[in-house]
Amino acid sequence: MAFSFSDHDRVLTIYNYDEDGVYLGKTEALIHANTGLPAYSTTTEIPDSFTLAGNQVFVYSESEDRWVPTYDYRETTYWLDYQTSVTITALGDNIPDGALFEQPDKPLDVLKKDKQAKETFWRDQELKVVLDRIDQYEKDQNYEPHYRTSPLSETEYLGLLGYRKLLCDYPDSDGFPFGERPVLSYPEPVAEPPKPTMMQRVLNKVKPR
């Protein structure tokens, strides 16, 4: 809500920010008649629909009279190679993909090759286990239930299919080999309809006259 002067004293909710516009908190303040707001404050609310990602803060834009989610990596140092470091000093500056938060002990291209080999080996081992479990489940479907050896449920089987896809795509994902590894997750199981009660079964057998 944009602020406007009034001929009467009022108690308003004000949103405080620092000299860089970073949100500090909100307070109830007595605003006397025909006076303005305290310095570094506004009556413009932060929308409830706004959510912050990691390392984001709300920053007030006076020119637009609105709050803007903004990355705040100030004082963060990262390395683009084993000799060059960068320290972020401005709001809104982000960290590039592939940056390291500790100084590497060897050139970045060598470090990247070593990491690629490590992550590719992990992916191959993990994928082999997943493919074996999928294969066992699929072959088991050709046998009667009492002859099957796979302990997987259908939900777990579908989860492994999704995990297989993530593992196959991992080497081509953003930030590889320094990004997050794929994680196995399962879809929500489909709820089965409730079984009819004894009374319902009896009534279903009774034919109307």
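Everything numeric here is computed off the predicted structure, so don't read it as measured data.
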Distance from [X] atom [atom1] to [Y] atom [atom2], nearest 0.5 Å?
X	Y	atom1	atom2	value
T42	R66	OG1	CZ	13.0 Å
Y170	K165	OH	NZ	15.5 Å
N55	R74	CG	CZ	11.5 Å
L12	E28	CG	CD	8.5 Å
L37	I31	CG	CD1	5.0 Å
E156	S150	CD	OG	8.5 Å

Out of curiosity, does [Y] fall in the hydrophobic cluster containing [X] (side-chain heavy atoms, cut-off under 4.5 Å, transitive links)?
X	Y	answer
L80	V110	no
L158	L167	yes
I14	F3	yes
L184	L152	yes

Name the atoms and distances for all side-chain donor-acceptor pairs under 3.5 Å in residues 126-135, with sequence neighbours left out.
unit_1 : atom_1 : unit_2 : atom_2 : d
E126   : OE2    : Y163   : OH     : 2.8
K128   : NZ     : D132   : OD2    : 3.3
D135   : OD2    : K139   : NZ     : 3.2

Practice prompt. Taking atom CD of E180 as the centre, report whether more than 12 heavy atoms of other residues, nucleotides or ligands fall under 6.0 Å from it.
Written response: no
Fill in: N142, CG atom: more than 12 neighbouring heavy atoms under 6.0 Å
yes
Is there a donor-acceptor pair under 3.5 Å between the side chain of [X] and the backbone N or O of [Y]?
X	Y	value
N16	K26	no
T27	A29	no
T70	V68	yes

Item to complete: Determine, step by step, whether D20 and V59 satisfy the side-chain contact (heavy atoms from CB on, under 4.5 Å) criterion, reporting the C-alpha distance in whole Å, the side-chain angles of both residues, the deciding distance to 0.1 Å, and the verdict.
Response: CA-CA 8 Å; D20 294 314; V59 175; over 6 Å; no
Fill in: All side chain to side chain donor-acceptor pair (under 3.5 Å) counterparts of E144, not counting sequence neighbours
none
Residue pair [X] / [Y]: nearest heavy atoms and the distance that separates them:
X	Y	answer
Y71	A53	OH-CB, 4.1 Å
F176	T120	CZ-OG1, 3.9 Å
C168	R123	O-NH1, 3.6 Å

Item to complete: For E75, enumerate each residue passing the side chain to side chain contact (heavy atoms under 4.5 Å, CB included) test, keeping only those at least two apart in sequence or located in another chain.
Response: none
Worksheet entry | Members sharing Y147's hydrophobic cluster (side chains within less than 4.5 Å) | Y143
Worksheet item: Linking Ile, Leu, Val, Met, Phe, Trp and Tyr by side-chain heavy atoms under 4.5 Å, what else ends up with F50?
Response: Y15, Y17, Y23, Y40, I46, L52, F58, Y60, W67
Practice prompt. Take Y157 and E138, measure what side-chain hydrogen bond (donor to acceptor under 3.5 Å, both in side chains) needs, and give me the verdict at the end.
Written response: CA-CA 9 Å; Y157 168 68; E138 292 178 343; 2.6 Å; yes
Pairs of donor and acceptor atoms involving the side chains of residues 92-107, under 3.5 Å and at least two apart or interchain, shall be tabulated with distances.
unit_1 : atom_1 : unit_2 : atom_2 : d
Q103   : NE2    : Y82    : O      : 3.1
K106   : NZ     : D114   : OD2    : 3.0

Item to complete: Could you walk me through whether Y137 and E154 pass the side-chain contact (heavy atoms from CB on, under 4.5 Å) test, one step at a time?
Response: CA-CA 9 Å; Y137 177 87; E154 184 176 358; 3.9 Å; yes
Worksheet item: Under 4.5 Å between any side-chain heavy atoms of D7 and N34, yes or no?
Response: yes
